[in-house]
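Single-structure report; data block below.
All figures in this text were calculated on a predicted structure; none of them were measured in a lab. Order of the sequence lines sets the chain letters (A, B, ...), proteins ahead of strands, with each chain counted from 1.
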Amino acid sequence: MTTKVNYSNQLLNIETGQQIEKSQLTIFDRQGKINKRVINIVNTSIDELLKNIEQGGESYHIYFPQEIEKELPEPLMKQISKEITANEVRVLTAIVILAQFAKSKGELYYWDKINRAYFEVDLPSVYKVMGIGETRGKQRELVKKAFFSLNDKKFLIVEDDNLTISKLVEIHKIDKKNPNLFKITVEGLFFNFDKSKNYQNRYFHIPSDINKQIRKVTIGRPNAGVELFIKCLYQAKHCSKDGKVEYSYSKVYKLMKLENLVKNRNTGRIKDTIQKAFDIAKKLDLISNVEMGETNLREKKYILTFTP
DNA sequence: GTGGAACTAATATTCTCCCC
DNA sequence: GGGGAGAATATTAGTTCCAC
């Protein structure tokens, strides 16, 4: 029996780097340049980080959406930014699930003023929701590493008309008696506490053992893009009225971050990667069929039929 | 420069062996 | 016998390098 967990649309948009295009914010002005407000916050955050690095202060990475990444020089990107790894994607999912468990037990505390929620996680429960409860040391080390690297990442958050750059998950304290127990806070958007907004359209459902299921049907080193795409499919299923979803090739390309394959001279793997994502979705019993088609603009598209 | 092969790194799973 | 640590192996992701 798998329970269902609410997953915030906004969070998934940040993970896939779509937070800007999915917001009301116009990022480009009439000349096609990035708008000043966005530039300002990006530059300020970069300056702050560079200053930190120079002075040996807190070091972290900033994960920018693709539109902004493209505008920044590559050497700078290498210094300040880092791609999200598959294990980080999995740990983030695990934290969403654990946060909701904590919330239902009344062990989660929300602070309105900073729009963050506090709760405690212990690593064994992280392992459990990641489906590695029975396995040994090495994988646990990787999970721990991914957990700490999430704590080292800042994300661009667009909330209505507000832009901030902050940590989605922040570790504040490690329990003195139990080194596996962490006191953490997460961004309010994990839950969208603001009830005044359109509440219904802010979530989709994922199974609480999603990581375990994905592990069961995949082999080899995990691929972050593919796993993000699987979450997108759960979201699309939730929104779909006719039991289908259509993705243009460029949409799939973006969601799976296939740009990285091109950058790394692995263009030949694009087809296999897309196929892999569809295969996993089929094995998860999420979709039952994939058809090819053409968009109005004569672009290749995929028509996916969800399993009822 | 670009395409692609070949190499290296990361991750997962299976095997082996030792200790209780 | 079995449980677990760690080695060996399989698979895939990411990097480098070379020919054109």
Specify the separation, in whole Å, of atom CD1 of Ile270(A) and atom P of dA13(C). 13 Å
On the nucleotide dA12(B), are OP1 or OP2 found under 4.0 Å from the side-chain N or O atoms that Arg90(A) carries? yes
Within a reach of under 6.0 Å around CG of Asp242(A), are more than 12 heavy atoms found that belong to other residues, nucleotides or ligands? yes
Nearest-angstrom distance from the residue atom CG of Leu142(A) to P of dA13(C): 16 Å
What orientation do Phe182(A) and Phe147(A) show, parallel under 30°, tilted 30 to 60°, or perpendicular over 60°? perpendicular
Roughly, in whole Å, what's the span from NZ in Lys276(A) to P in dT11(B)? 13 Å
State whether Glu88(A) and Lys153(A) are salt-bridged, where the test is any N-O pair (Lys NZ or Arg NE/NH1/NH2 against Asp/Glu carboxylate O) under 4.0 Å. yes
Taking all non-hydrogen atoms of both residues, which atom of Ile287(A) and which atom of Val290(A) are closest, and how far apart? CD1-CG2, 3.8 Å
Base, sugar-phosphate or nothing for Asn260(A)? Non-hydrogen atoms, less than 4.0 Å. nothing
For Arg140(A) and dT13(B), give me the distance from atom CZ to atom P, rounded to whole Å. 15 Å
Check this for me: Lys244(A), atom NZ, are more than 12 non-hydrogen atoms of other residues, nucleotides or ligands nearer than 6.0 Å? no
Taking atom types as they are modelled, would you say the side chain of Arg265(A) forms a donor-acceptor pair with the base of dG1(B) within the 3.5 Å cutoff? no
Using atom CG of Asn87(A) as one end and atom P of dA10(B) as the other, report the distance to the nearest whole Å. 12 Å
Looking at Lys263(A), I'd like to know whether one of its side-chain N or O atoms comes within less than 4.0 Å of OP1 or OP2 on dG14(C). no
Specify the separation, in whole Å, of atom CG of Asn264(A) and atom C1' of dA5(B). 15 Å
Any side-chain N or O of Arg215(A) under 4.0 Å from OP1/OP2 of dA12(B)? yes
May I ask you to say what Asn223(A) touches in the nucleic acid, namely base, sugar-phosphate or nothing, with a heavy-atom cut-off under 4.0 Å? sugar-phosphate
Ile214(A) CD1 to dT13(B) P, in whole Å, measures 13 Å
Whole angstrom is fine here: how far is it from CG in Asn266(A) over to C1' in dT2(B)? 13 Å
